[in-house]
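Residue numbers begin at 1 in each chain, while the letters A, B, ... track the order of the sequences. This structure is a prediction, so every number in the text was calculated from the model and none was measured. Just the heavy atoms: all of them, side chains too, but no hydrogens, waters or symmetry mates, feed the values below.
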Number of protein chains: 2
Amino acid sequence: MGLRERKKLEAWRTIRSTALRLISERGFDAVSVEDIAAEAGVSRTTFFSYFPTKEAVAFDLDPQALAEWRTRVADDTDDQPLWPALTDLFVDMATVIAEWLPVQKRVLQQHPGLTQSARATCDSFAPDLYRWISRRTPGGDRLQTSLVLNTAMAGYITALEVWDPTDPLDVLLDSIRDCLHRVGTGLAAWERTSSTA
Amino acid sequence: MGLRERKKLEAWRTIRSTALRLISERGFDAVSVEDIAAEAGVSRTTFFSYFPTKEAVAFDLDPQALAEWRTRVADDTDDQPLWPALTDLFVDMATVIAEWLPVQKRVLQQHPGLTQSARATCDSFAPDLYRWISRRTPGGDRLQTSLVLNTAMAGYITALEVWDPTDPLDVLLDSIRDCLHRVGTGLAAWERTSSTA
DNA sequence: TAAGAAGTTGTACTGCGTTCAGGTTTGGGT
DNA sequence: ACCCAAACCTGAACGCAGTACAACTTCTTA
């Protein structure tokens with residue numbers, strides 16, 4: 001990893017940390033992009049070269065963490081049944097972003113209007129999961145694959161929604177496992193029958 | 001229904017139709033709020049008194065249709081099991097907004113970035129559904145209720161995602177029924193056990 | 001029909017997000 | 001050690017979404 005790449009990641013993290021600190025202190029609307037950029041020591045233009053929107057600075061995934069998770073998903077040779085394996089991927093994801101979850105959740109509690117942006121976080125790893133599910137269920141059509149993905153995400157989102165950020169991370173991870181297990185037990189029965197429906 | 005209320009609804013629908021027509025013709029980004037307001041014969045200020053954001057004009061629910069659906073949900077004395085009854089509510093919702101679905105879907109196909117806004121449509125009737133589910137599952141905790149809601153919505157969203165807007169509405173309705181049945185069969189088994197988990 | 005409530009309009013303002021030309025830093029090749 | 005091209009950062013200017021507000025018009029009701 002060259003100097004250039006390291007500096008970029010460092011800048012990304014500086015801007016992100018600065019943003020979350022300011023937003024935690026003053027609230028999302030009371031902090032402008034200008035404020036964040038100034039405090040992080042970069043220009044407004046540079047801010048937008050790292051984050052496409054102001055919301056993104058609070059909810060985008062760490063590039064390195066995301067890349068690591070992606071390679072793990074791509075190289076996955078797990079031979080468990082579909083839903084336990086899928087559950088592991090979501091737990092991995094939550095673990096990877098564990099550091100930021102409490103503060104993000106607290107921002108969401110103070111500003112429910114950002115729920116949409118939070119869901120966009122899921123969308124950033126959805127394509128990888130879609131491919132992974134397709135690979136695991138060769139007979140599945142588009143409907144079945146999307147249904148599995150969206151249902152699993154519903155479980156993940158629900159666990160995040162109900163989680164209290166002052167609780168330890170293990171509580172969240174167990175809740176994710178619980179939710180995916182509950183929603184998965186029904187869909188598992190459809191895995192074989194989808195092409196004959 | 002007084003003159004005032006009738007005029008308001010009429011204005012709402014004029015703005016909405018105008019907006020969808022212009023957006024269909026030129027694309028979402030190439031139409032400004034100013035354009036829509038001018039073409040609809042109102043001021044920019046008035047536009048924002050009807051729709052909180054530019055996205056809302058494409059995805060908000062018709063006030064009358066929403067009100068009718070709400071009373072139907074509130075007065076619901078259906079004694080079917082949970083998931084068939086819930087399925088009926090979603091099918092009702094889709095029927096109620098059937099008129100706009102094809103053009104909205106076409107806008108989404110041309111502009112995938114608006115998916116988040118489309119999901120906000122669901123959020124506008126989510127609170128009603130949450131209350132309805134709570135009423136139907138007295139023993140359920142917050143996790144179970146949210147899980148049922150989010151999972152049902154995942155089914156609904158999935159059906160919308162894979163639906164081809166050139167297909168007749170019945171195809172979509174059947175798909176909604178199919179998706180909710182699939183995701184519901186698993187969760188139905190948890191209805192009784194949630195308080196002992 | 002007069003008073004007041006509800007709705008509309010123009011204006012001015014903040015702040016997000018984009019574009020672009022010009023300057024600076026970095027890594028690779030000689 | 002030097003140079004060059006590519007990548008990066010920056011300031012300035014712009015368009016447009018969304019808000020605030022005071023003046024004005026239209027509807028309701030007593």
Side-chain angles (χ1 to χ4, degrees), chain A residues 1-16 18-20 22-23 25-60 63-64 107 111-118 120 124, chain B residues 1-16 18-20 22-23 25-60 63-64 107 111-118 120 124:
Chain A
M1 190 162 158
L3 172 61
R4 204 149 228 167
E5 209 175 345
R6 257 185 294 123
K7 276 208 164 180
K8 251 199 126 173
L9 185 58
E10 190 193 356
W12 189 97
R13 287 178 174 157
T14 302
I15 298 173
R16 139 86 104 226
T18 308
L20 283 184
L22 292 181
I23 290 171
E25 286 168 8
R26 308 183 206 163
F28 189 83
D29 288 341
V31 178
S32 72
V33 171
E34 186 118 23
D35 295 337
I36 298 169
E39 189 82 9
V42 296
S43 74
R44 225 175 66 91
T45 311
T46 301
F47 175 95
F48 282 111
S49 85
Y50 281 91
F51 299 95
T53 66
K54 183 185 168 188
E55 277 111 37
V57 82
F59 297 108
D60 267 10
Q64 197 176 38
V107 169
H111 212 106
L114 295 175
T115 312
Q116 293 304 324
S117 312
S124 64
Chain B
M1 191 161 159
L3 172 62
R4 204 151 229 168
E5 210 174 345
R6 256 185 296 122
K7 275 206 168 181
K8 251 198 124 172
L9 185 58
E10 191 194 354
W12 189 95
R13 286 178 175 158
T14 303
I15 299 172
R16 140 84 104 228
T18 308
L20 283 185
L22 293 182
I23 290 171
E25 287 168 9
R26 309 184 206 162
F28 188 83
D29 289 341
V31 178
S32 71
V33 170
E34 187 117 23
D35 295 337
I36 298 169
E39 190 83 7
V42 297
S43 74
R44 225 175 68 89
T45 311
T46 301
F47 175 94
F48 281 112
S49 86
Y50 281 91
F51 299 95
T53 66
K54 183 184 168 189
E55 277 113 39
V57 82
F59 298 107
D60 266 11
Q64 198 176 36
V107 169
H111 212 106
L114 296 174
T115 311
Q116 292 304 323
S117 311
S124 65

Please tell me which of the listed nucleotides, [options], lies nearest to the side chain of [X]?
X     : options                : value
A/L3  : C/dG17, C/dG27, D/dT10 : C/dG27
A/T45 : C/dA5, C/dT26, D/dT10  : D/dT10
A/F48 : D/dG18, C/dT9, C/dT18  : C/dT18
B/R4  : D/dT28, D/dA17, C/dT8  : D/dT28
B/R44 : D/dC9, D/dT19, C/dT9   : D/dT19
B/S49 : D/dA13, D/dG18, C/dT8  : C/dT8

| field | 5' priority, DNA chain D, between B/E5 and B/T53 [closest heavy atom] | value |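 Its nucleotide being nearer the 5' end, the pick is B/T53.
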| More 5' along DNA chain D: B/G2 or B/K54, using each one's nearest nucleotide? | B/K54
| said: Is B/T46 close enough to C/dT8 that one of its side-chain N or O atoms is under 4.0 Å from OP1 or OP2 there? | reply: no
Nearest-0.5 Å distance, [atom1] of residue [X] to [atom2] of residue [Y]:
X     : Y      : atom1 : atom2 : answer
B/E10 : B/L3   : CD    : CG    : 9.5 Å
B/E55 : A/Q116 : CD    : CD    : 10.0 Å
A/I15 : A/E39  : CD1   : CD    : 12.5 Å

Atom [atom1] of [X] and atom [atom2] of [N]: how far apart are they, to the nearest Å?
X     : N      : atom1 : atom2 : answer
B/E34 : C/dT9  : CD    : P     : 13 Å
B/Y50 : C/dT9  : OH    : P     : 9 Å
B/E10 : C/dG7  : CD    : C1'   : 14 Å
A/D29 : C/dG15 : CG    : C1'   : 11 Å
A/F28 : D/dG18 : CZ    : C1'   : 15 Å
B/K8  : D/dT25 : NZ    : P     : 21 Å
A/E55 : C/dG17 : CD    : P     : 6 Å
B/F47 : C/dT8  : CZ    : P     : 14 Å

| query | Going through the distances and angles, do B/T46 and B/S49 end up as a side chain to side chain donor-acceptor pair (under 3.5 Å)? | reply | CA-CA 5 Å; B/T46 301; B/S49 86; 5.3 Å; no
| field | Carboxylate-amine/guanidinium contact B/R26 B/D35, below 4.0 Å | value | yes
| message | Using a 4.0 Å heavy-atom cut-off, does A/F51 contact any base of the nucleic acid, only the sugar-phosphate backbone, or nothing at all? | response | nothing
